[in-house]
Colleague: 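Here it is: the structure, laid out below.
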Number of protein chains: 2
Amino acid sequence: MNPTTLNALAEPNRLLIIELLREGPLSVGEIAERLHLRQPQASKHLKFLSEAGLVEVRAEANRRIYRLRPEPLMEMDEWLESFRGMWEERFDRLSDYLLYLKKTGSSLKPKEEFK
Amino acid sequence: MNPTTLNALAEPNRLLIIELLREGPLSVGEIAERLHLRQPQASKHLKFLSEAGLVEVRAEANRRIYRLRPEPLMEMDEWLESFRGMWEERFDRLSDYLLYLKKTGSSLKPKEEFK
DNA sequence: CCGGAATATTCTTGTCAAGGAATATTTTGA
DNA sequence: TCAAAATATTCCTTGACAAGAATATTCCGG
């Protein structure tokens, strides 16, 4: 997994940009407007995202249209793959947990133990 | 998606810690040793990861054993879910791409267009 | 209850990057 | 060719945080 990708996504406004672009390519001005950013900050974040490989640009007349690149997200997906065993394992114990809740009427987690 | 999780994982050593803990819980000393970190830095990173909810601790004798918490990773997984359509769509065009390679003998990407 | 092992905290220093404001650059249409 | 729209860049200040070194704390076994 590439820390550069994570770093780029760790900034809240950049994360919002990525989520916005999920719906389709947009110009800088549109991105700035929809996220209530000033244009220079939008440009700066887009440059950052671009250098991280998360977006790509194309020029169209006066505008610059930014679009998502799926590759880094695919890499994240593959990285997470190696962890999926963990929560499937825990899911096996879910029925026990539900039973516990039913018995106690509690909505609090039981103190978890592990070894 | 929570930026806190991404921020915690964006630091290379912390990412390594998470990958190491994938194999099972470890003490601070073991983590420091296996990643060639000094003990104080290991402790600091673990504190950071702990506050981000990525790990949990338990005391055992003299040691503190850290263990992965799957929840934030599950959240990442669900977040990525909303992007999976993207690369599946692109996958549909793979056969065209392979055909292109065969025709041209080129190993270079054709210039991609999008609108 | 004391010494030492394991771990945590504090302090300092350097780097990175975010936001604001101002300005430069690019590009198009008239 | 020029003005204006769209975008990029620069400069500044500020805050976060990583690493190193030193020190504090915790806790077990003897």
Side-chain angles (χ1 to χ4, degrees), chain A residues 1-21 24-69 72 114-115, chain B residues 1-21 24-69 72 114-115:
Chain A
M1 184 57 208
N2 189 352
T4 303
T5 303
L6 296 165
N7 191 41
L9 295 173
E11 204 284 325
N13 285 317
R14 284 196 296 261
L15 188 60
L16 288 173
I17 290 176
I18 294 300
E19 289 172 347
L20 181 56
L21 289 181
L26 288 175
S27 71
V28 176
E30 289 167 324
I31 293 169
E33 187 186 3
R34 297 191 47 181
L35 298 182
H36 307 291
L37 301 176
R38 298 170 205 271
Q39 175 268 317
Q41 327 299 336
S43 281
K44 283 187 244 181
H45 284 310
L46 286 164
K47 183 181 183 184
F48 203 114
L49 288 169
S50 179
E51 285 169 353
L54 277 157
V55 301
E56 58 190 1
V57 208
R58 104 187 117 95
E60 177 170 302
N62 228 355
R63 323 259 165 104
R64 295 205 159 214
I65 311 293
Y66 282 85
R67 162 170 138 146
L68 261 184
R69 286 188 70 245
F114 60 90
K115 63 157 188 297
Chain B
M1 184 57 208
N2 190 351
T4 303
T5 302
L6 296 165
N7 191 41
L9 294 173
E11 204 285 324
N13 287 317
R14 284 196 295 261
L15 188 59
L16 289 173
I17 290 176
I18 294 300
E19 289 172 348
L20 181 56
L21 290 181
L26 289 174
S27 72
V28 176
E30 289 167 324
I31 293 169
E33 187 187 2
R34 296 190 48 179
L35 298 181
H36 307 291
L37 301 175
R38 299 168 205 273
Q39 175 269 315
Q41 327 299 336
S43 282
K44 284 186 249 182
H45 284 310
L46 286 164
K47 183 181 184 184
F48 202 113
L49 288 170
S50 180
E51 286 169 352
L54 277 157
V55 301
E56 57 189 2
V57 210
R58 106 186 117 95
E60 177 170 302
N62 227 356
R63 324 256 165 106
R64 297 205 156 212
I65 312 292
Y66 283 85
R67 162 171 136 146
L68 261 183
R69 286 188 69 247
F114 60 90
K115 65 158 185 291

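We name chains A, B, ... by the order of the sequence lines, and we start the count at 1 in each one. FYI, side chains are in, hydrogens and waters are out, and symmetry mates aren't considered; it's all heavy atoms of this structure.
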Colleague: Rounding to a whole Å, what distance do you find between A:Leu16:CG and C:dA18:P?
Modeller: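 Those two atoms, CG and P, are 14 Å apart.
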Colleague: Among D:dT9, D:dA19, C:dT7, which nucleotide sits nearest the side chain of B:Asn13?
Modeller: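 Among D:dT9, D:dA19, C:dT7, the one nearest the side chain of B:Asn13 is D:dA19.
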Colleague: Where the side chain of A:Pro40 is concerned, which of D:dA8, D:dG20, C:dT27 is the nearest nucleotide?
Modeller: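 That would be D:dA8.
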Colleague: Determine: side-chain N/O of A:Lys44 to OP1/OP2 of D:dA8, distance under 4.0 Å, yes or no.
Modeller: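 Answer no for this pair, as no side-chain N or O of A:Lys44 is under 4.0 Å from OP1 or OP2.
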Colleague: Which listed nucleotide (D:dA8, D:dG20, C:dA8) is nearest to the side chain of B:Val28?
Modeller: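 Among D:dA8, D:dG20, C:dA8, the one nearest the side chain of B:Val28 is C:dA8.
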Colleague: Judged by each residue's nearest nucleotide on DNA chain C, which is more toward the 5′ side, A:Glu11 or A:Arg64?
Modeller: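 That would be A:Glu11.
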Colleague: Where the side chain of A:Gln41 meets the backbone of A:Arg38, is there a donor-acceptor pair that is under 3.5 Å apart?
Modeller: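 No; judged by distance alone, with no hydrogens or angles, the pair does not exist.
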Colleague: Given 3.5 Å as the limit, does a donor-acceptor pair link the side chain of B:Arg69 with the main chain of B:Glu56, or not?
Modeller: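 A pair under 3.5 Å: no.
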Colleague: Between A:Gln41 (CD) and C:dA21 (P), how many Å, whole number?
Modeller: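 Roughly 9 Å, once rounded to whole Å.
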Colleague: Give a yes/no on whether any side-chain N or O of A:Tyr66 is located under 4.0 angstrom from OP1 or OP2 of D:dA6.
Modeller: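 Answer is no, no contact under 4.0 Å.
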Colleague: Picking from C:dA18, C:dT28, D:dA18, which would you name as closest to the side chain of B:Arg14?
Modeller: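 Within the option list, the nearest is D:dA18.
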Colleague: Please state how far atom NE2 in B:His36 lies from atom C1' in D:dA19, giving the value in whole angstrom units.
Modeller: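 Taking atom C1' of D:dA19 as the reference, NE2 of B:His36 is at 17 Å.
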Colleague: Can you tell me if the side-chain N/O atoms of B:Arg38 get under 4.0 Å from OP1 or OP2 in D:dG20?
Modeller: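 Looking at the OP1 and OP2 atoms of D:dG20, one of them is under 4.0 Å from a side-chain N or O of B:Arg38.
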Colleague: Starting at atom CD of A:Gln39, determine the distance to atom P of C:dT25, rounded to an integer number of angstrom.
Modeller: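 Interatomic distance, CD of A:Gln39 to P of C:dT25: 15 Å.
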Colleague: Specify the separation, in whole Å, of atom NZ of B:Lys47 and atom P of D:dT26.
Modeller: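 To the nearest whole Å, that distance equals 13 Å.
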Colleague: By nearest atom, which of the nucleotides C:dA18, D:dA8, C:dA6 is closest to the A:Phe48 side chain?
Modeller: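 The closest nucleotide is C:dA18.
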Colleague: Measuring from atom CD1 of A:Ile31 to atom CG of A:Leu20, what distance do you get when rounded to the nearest 0.5 angstrom?
Modeller: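 Going from the CD1 atom of A:Ile31 to the CG atom of A:Leu20 covers 6.5 Å.
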Colleague: Can you check the B:Asn7 CG to C:dC16 P distance for me, whole Å?
Modeller: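 These atoms are roughly 16 Å apart.
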Colleague: Could you check how far CD1 of B:Ile31 sits from C1' of C:dA6, rounded to whole Å?
Modeller: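 Nearest whole value for this atom pair: 13 Å.
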Colleague: What is the separation between atom CZ on B:Arg58 and atom P on C:dA6, rounded to the nearest whole Å?
Modeller: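 My rounded result for the distance is 17 Å.
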Colleague: C:dG4, OP1 or OP2 - any side-chain N/O from B:Asn62 closer than 4.0 Å?
Modeller: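 Negative; the distance criterion is not met.
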Colleague: Nearest to the A:His45 side chain among D:dA18, C:dA21, C:dA18, which nucleotide is it?
Modeller: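 Of all the options, the side chain of A:His45 is nearest to C:dA18.
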Colleague: Is there a side-chain contact between A:Leu26 and A:Ile17, using heavy atoms and a 4.5 Å cut-off?
Modeller: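 When only atoms from C-beta onward are counted, A:Ile17 and A:Leu26 do not touch, as no gap falls below 4.5 Å.
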Colleague: Would a distance-only check, ignoring hydrogens and angles, find a side-chain to backbone donor-acceptor pair under 3.5 Å from B:Arg14 to B:Ala8?
Modeller: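 A pair under 3.5 Å: yes.
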